[in-house]
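This report concerns only the one structure given below.
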Amino acid sequence: MERRQFLTRSAMAGAVLAVGGSKRLMSQTPDAFVEILPEEQLGTIAPEIYGHFTEHIGGVIYDGVWVGEKSKIRNYGGLRAEMVDALKKIHPAIMRWPGGCEADSYNWRDGIGPRANRPVHTNFWEVDRDAKRLNEKGKQIFETNEFGTNEFMNFCKMTGAEPYIAANVRSLPALEFDNWVEYCNSPQGSTTLARMREADGSRDPYKVRYWGVGNESWGCGGFFRPEDYASEFRRFATWIPQFGLDLELVASGPNGNDIDWTHRFFEQIYTGDHAYHNAQFTGWSVHHYASTRRVDALQFEPGEYYDILSQCAFIDTIIADQWSVMGQYDKQHHVKLVVDEYGPWYREGTEVDITHLFGQQVTLRDALATALSLDAFNRNPDKVGVATNAQLVNNINALFLTHEEKFVKTPNYYIFDMYQNHQGAQAMRAEFSAPSVHYSYKEKQQRLWGLNGSASRKGNVVTVTMVNSDLAAPKQTHVALRGLNLKSATAVTLTNPDVHSHNTWDQPNTVTPVALKVDISGPVLNLTLPAASVTKIEVTLG
Ligand code: AHR
């Protein structure tokens, strides 16, 4: 928003507030103004928007999630205990596994049965590796299958996350998909695969509802044309054993915002002689990386900072464009968006261990990028059904960095912690008015909004989350909640004077949330948002 436009809007807002009984504000012009419209409810924010992704790649599973039962590192049946404990606190709603690209190379049968008997195979990411990444155990390149379906289910159970499995379309037949579903979901004693699962330690079925049918089928998942992938999808998604569950099948969506892929796939599925109506097809996967694999995770200029945020903010356009194309075929919008990979992706060099392919440090910049993505999902609760951040640990945009016994929470962890009130809450429309930020990137003048965010209500608690993208200017901000009786309010902010700040083994608390002063005046909250910050306000209603 331009400054002149902003001033007009904030003056109007001031007048509105005066009518609302807050005369004190009439004399002030804040730097930013937020108006929450409680009567304009947008829908329930799916808890599954607060999900994570764990692929067999680099240091995500081995050296990340899984340390092994015999490890000196504290563990729960082989799972890194410190991470499980931390994850539980942020209530991860859903966990995607085993890929990513690895999903279309993965044979689930290799990861069941006694661990000692499991075969060793080449991991998909061997193709993108450098010999230096081969550690002494070789797990990052040669998949030992120590961590398989049962270990993953145990991880989900312990952290409270719903499992979301991506099935192999490129290199296994459809029958193996059916069999994996049967292994996971068939009732005790009912099938040979159920008995195998029981022998592996779980009498009760796992009740896995979310299944991805391939991954990036336009790329590593088979380089399909959309028409061909639609045929494969039909074959894989027809007559999957249900076992009384409402399965949620996720089709492999576009590369970024490629609407041609979406048009051509949906046309095949929804129109003509071969229209295919399957109530279980409920998800359309979208991957959106802010990808400048030339830019460093730790060393960056202001232009590179704003560019990453702008790229991430493009998710709003992707959501709107994809939704609009899908609606041309799926008129009732039965299928929702599943943003199952998102986050900034930098060049290599800041990984905490050489074996961690795509490992990168996570700074305050990335926390803002993650927060603005979550805010975009919150603002579109009718469209986005699931989102899983890529990836949980030792990879792109991670929440945790680990190596052997070392463990640290990145700034992203604190964003998921701050935002968890939104899970399952009613989203409310909120208008954010602040001057745009102007910056120069690659010798061009560019612009990004100065303030954005989302608001929701659960019972008598209203949560407002906000990103102040401006590197230099704090914002004195008025947040108006018209028609609500505000009893009390608290605020926390995640910030640091240096946007390159990040948490390390030696200094794990450099970027952690701190309390922020917030005043209530009638229906208006008044607070100052630090430059380059993410802030959460929690308001208790009377
Ligand atoms: O997250 C890393 C990789 O990025 C995933 O395996 C793939 O789906 C995407 O291209």
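Any value given below was found using the heavy atoms of this structure, including those in side chains, with hydrogens, waters and symmetry copies removed. Predicted model only: the values in this text are computed from it and were never measured.
Comment: Lys89 does not engage Asp417 in a salt bridge, judged by the lack of any side-chain N to carboxylate O separation of less than 4.0 angstrom. A salt bridge is absent between Arg379 and Asp375: the closest approach of a Lys/Arg side-chain nitrogen to an acidic carboxylate oxygen does not fall below 4.0 angstrom. One finds no salt bridge joining Glu404 and Lys406 here, because no Lys/Arg side-chain nitrogen approaches an Asp/Glu carboxylate oxygen to under 4.0 Å.
Note: Lys458 NZ to Thr44 OG1 = 10.5 Å, rounded to the nearest 0.5 Å. With rounding to the nearest 0.5 Å, the separation of OG1 in Thr512 from NZ in Lys409 is 9.5 Å.
Residues Tyr342 and His287 keep their aromatic ring centres 6.0 Å or farther apart. Taking the six-membered ring for Trp and the full ring otherwise, Phe266 and Trp284 have centroids separated by under 6.0 Å. Between Phe223 and Tyr229, the distance from one ring center to the other does not fall under 6.0 angstrom. Taking the six-membered ring for Trp and the full ring otherwise, Phe416 and His91 have centroids separated by 6.0 Å or more. Between Phe407 and Phe400, the distance separating the two ring centers is shorter than 6.0 angstrom. The aromatic ring centroids of Trp218 and Phe224 lie 6.0 Å or more from each other. For His56 and Trp125, the gap between ring centers reaches or exceeds 6.0 Å.
A distance-only check finds a donor-acceptor pair linking the side chain of Arg80 to the backbone of Asp63 [under 3.5 Å]. Thr493 contributes no side-chain N or O that, together with a main-chain N or O of Thr495, makes up a donor-acceptor pair within less than 3.5 Å.
Among the candidates Glu55, Glu341, Glu162, the single residue satisfying the salt bridge (charged side-chain N to carboxylate O under 4.0 Å, His left out) test with Arg96 is Glu341. Between Leu486 and the choices Val524, Leu525, Thr540, the side-chain contact (heavy atoms from CB on, under 4.5 Å) rule is met once, by Leu525.
Here Tyr210 pairs with nothing under the ring pair (Phe, Tyr, Trp, His ring centres under 6.0 Å) rule; sequence neighbours left out. Looking at residues two or more places apart in sequence or on another chain, you find a ring pair (Phe, Tyr, Trp, His ring centres under 6.0 Å) between Tyr306 and Tyr439. Every residue meeting the salt bridge (charged side-chain N to carboxylate O under 4.0 Å, His left out) condition with Glu40, not counting sequence neighbours, appears here in chain and number order: Arg429.
Using a 4.5 Å heavy-atom cutoff, the side chains of Leu87 and Ile90 are in contact. In this structure the side chain of Ile319 reaches within 4.5 angstrom of the side chain of Val384, judged on heavy atoms. Residues Ile537 and Thr490 form no side-chain contact, since every pair of their non-hydrogen atoms from C-beta on lies 4.5 Å or further apart.
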Walk me through whether His403 and Trp505 qualify under ring-ring contact (aromatic ring centres under 6.0 Å, His included).
CA-CA 10 Å; His403 181 46; Trp505 313 135; 7.4 Å; no
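Judged by distance alone, the side chains of Asn215 and Asp104 never bring a donor and an acceptor atom under 3.5 Å apart. Looking only at atom types and distance, the side chain of Asn503 has no donor-acceptor partner in the side chain of Asn509 under 3.5 Å away.
Taking both residues in full, the closest heavy atoms of Gly450 and Val437 are given as CA-CG2, 3.8 Å, listed atom of the first, atom of the second, then distance.
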